[in-house]
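First the structure, in the form of structure tokens, and then the observations on it.
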Amino acid sequence: MPFQTALRLCALAVIAYAAYALLMFLIQRQIIYPGRYIRVSGPPPAGIVPIAVITAMGRSEAWFMPPFKRRQGERRPLVIFFHGNGEVVDNLPEQAEGFRELGMGVLLVEYPGFGRSSGDPTESSITETAAAAYDAVLKRDEVDPERIVLFGRSLGGGAACALAARRPSAALILQSTFTSTRAFAHGYLVPGFLVRDVFDNGRVLAAYRQTVLLFHGSVDTTVPPEHSRELQRQSSRARLVEFPCGHNDFPPDWREFYRIVAVFLKDAGVLPLT
């Protein structure tokens, strides 16, 4: 092959890859946040209290699920729940009932641009919304500000960690989450520095001083379990529990899941030992 022909082919390959990388840079948020295209309608289910969360990015909605059988004036622990990237808060109330059965209130936080919330989902807008939701729910009489637990599933782990770096919490639970979104760039054949919404969970856990419970499916191919194993290595106070399942069928046993959560929260001083 003549040198000039080879040079021309190399130049075309470079241009084609640059165009592909640019395309990935421009559409990455459509890939990261598919749940924004889920259509929802109607009011929340009975027993749920909607809370308006106002930030500079717009208005988001959070759903507060009060704790069961609360005595007058009693403050209870609260779990702030952040869902995965292919979900909306409408999918969560039944799954979160286990926390209420443990005597906790639950706050389900919707991301900007998802469900009934306005704005666009980005790392910055999600972090601001999480902090604003935290501040809003702490005004409620049912909530004990000393016993706030942050829970994040998949992408929600990024939101939970971002909030953990900004607001006090008593414990952190992460399910099927990642070290950083940059780790997924190689799967799209692009360099990590092109990722706009990084969610550096590893950095947060390295500085987090409360106890951490990590859950992961041992055969998860969406977010491989090596992510949680690395997060455990980066945190001096993390425990990892793996279940024999993948990403979207986690957990295979809800009763065992909440049993482990209950033991963890008792050890963390969030729930009473009795």
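If you're wondering where the values come from, they're calculated on a predicted model, not measured in any experiment. Note that these values count all heavy atoms, side chains included, but never hydrogens, waters or copies made by symmetry.
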**Study point:** Trace of the salt bridge (charged side-chain N to carboxylate O under 4.0 Å, His left out) decision for E128 with R166
**Key:** CA-CA 10 Å; E128 292 297 326; R166 286 194 168 205; 2.8 Å; yes
Test item: side-chain donor near acceptor, [X] and [Y], under 3.5 Å:
X	Y	result
Q95	R153	yes
Y33	D197	yes
S154	H247	yes
S125	Y111	no

Any non-hydrogen side-chain atom of [X] less than 4.5 Å from a side-chain atom of [Y]?
X	Y	value
F199	V204	no
E87	L92	yes
V106	L108	yes
R100	M65	yes
R116	E61	yes
S124	M57	yes
F264	I173	yes
R239	I260	yes

Excluding I15, membership of its hydrophobic cluster (Ile, Leu, Val, Met, Phe, Trp, Tyr; side-chain heavy atoms within less than 4.5 Å) reads none
Excluding L22, membership of its hydrophobic cluster (Ile, Leu, Val, Met, Phe, Trp, Tyr; side-chain heavy atoms within less than 4.5 Å) reads Y17, Y20, L23, M24, F25, L26, I27, I31, Y188, L189, V190, F193, L194
Roughly how far apart are [X] [atom1] and [Y] [atom2], rounded to 0.5 Å?
X	Y	atom1	atom2	answer
N201	S235	CG	OG	12.0 Å
S118	R59	OG	CZ	8.0 Å
T181	Q28	OG1	CD	8.0 Å
L174	Q232	CG	CD	12.0 Å
L240	L231	CG	CG	9.0 Å
C161	L150	SG	CG	8.5 Å

Determine, using the 4.5 Å side-chain heavy-atom cutoff (strictly less than), whether [X] and [Y] are members of one ILVMFWY cluster.
X	Y	value
L163	L205	yes
L214	F178	yes
F81	I51	no
L265	V241	yes
I32	I38	yes

Pair D253 + R259: basic N to acidic O under 4.0 Å:
no
Provide the closest heavy-atom pair for [X] versus [Y] in the form atom of the first, atom of the second, distance.
X	Y	value
P145	I148	O-CG1, 3.5 Å
P121	I126	CB-CD1, 4.5 Å
P244	S218	CA-OG, 3.5 Å
V109	T129	CG1-CG2, 4.2 Å
D200	E123	N-OE2, 4.4 Å
A262	L102	CB-CD2, 3.7 Å

Practice item. Check whether more than 12 heavy atoms from other residues, nucleotides or ligands sit under 6.0 Å from atom CD of Q30, and answer yes or no. Key: yes
Output yes when a side-chain donor or acceptor of [X] lies under 3.5 Å from a complementary backbone atom of [Y], and no otherwise.
X	Y	result
R76	P67	no
R75	V143	yes
H216	V223	yes
R209	A207	yes
D249	G246	yes

Test side chain to side chain contact (heavy atoms under 4.5 Å, CB included) applied to Y208 and Q210, step by step: CA-CA 6 Å; Y208 189 69; Q210 306 303 321; 3.4 Å; yes
side-chain contact (heavy atoms from CB on, under 4.5 Å) with M104: of V149, V261, L78, only one passes, and it is V149
Would the H83 and F151 ring centres measure less than 6.0 Å apart? no
**Request:** Can you label the angle between the F215 ring and the F257 ring as parallel, tilted or perpendicular, going by 30° and 60°?
**Result:** tilted
Contacts of P45 meeting side-chain contact (heavy atoms from CB on, under 4.5 Å) (sequence neighbours excluded), chain-then-number -> I48, W63
query: Could you go step by step and tell me if F250 and D220 meet the side chain to side chain contact (heavy atoms under 4.5 Å, CB included) rule?
result: CA-CA 9 Å; F250 189 101; D220 189 336; over 6 Å; no
Query - From CA spacing to verdict: salt bridge (charged side-chain N to carboxylate O under 4.0 Å, His left out), R29, D120 - result: CA-CA 9 Å; R29 285 177 172 152; D120 294 306; over 6 Å; no
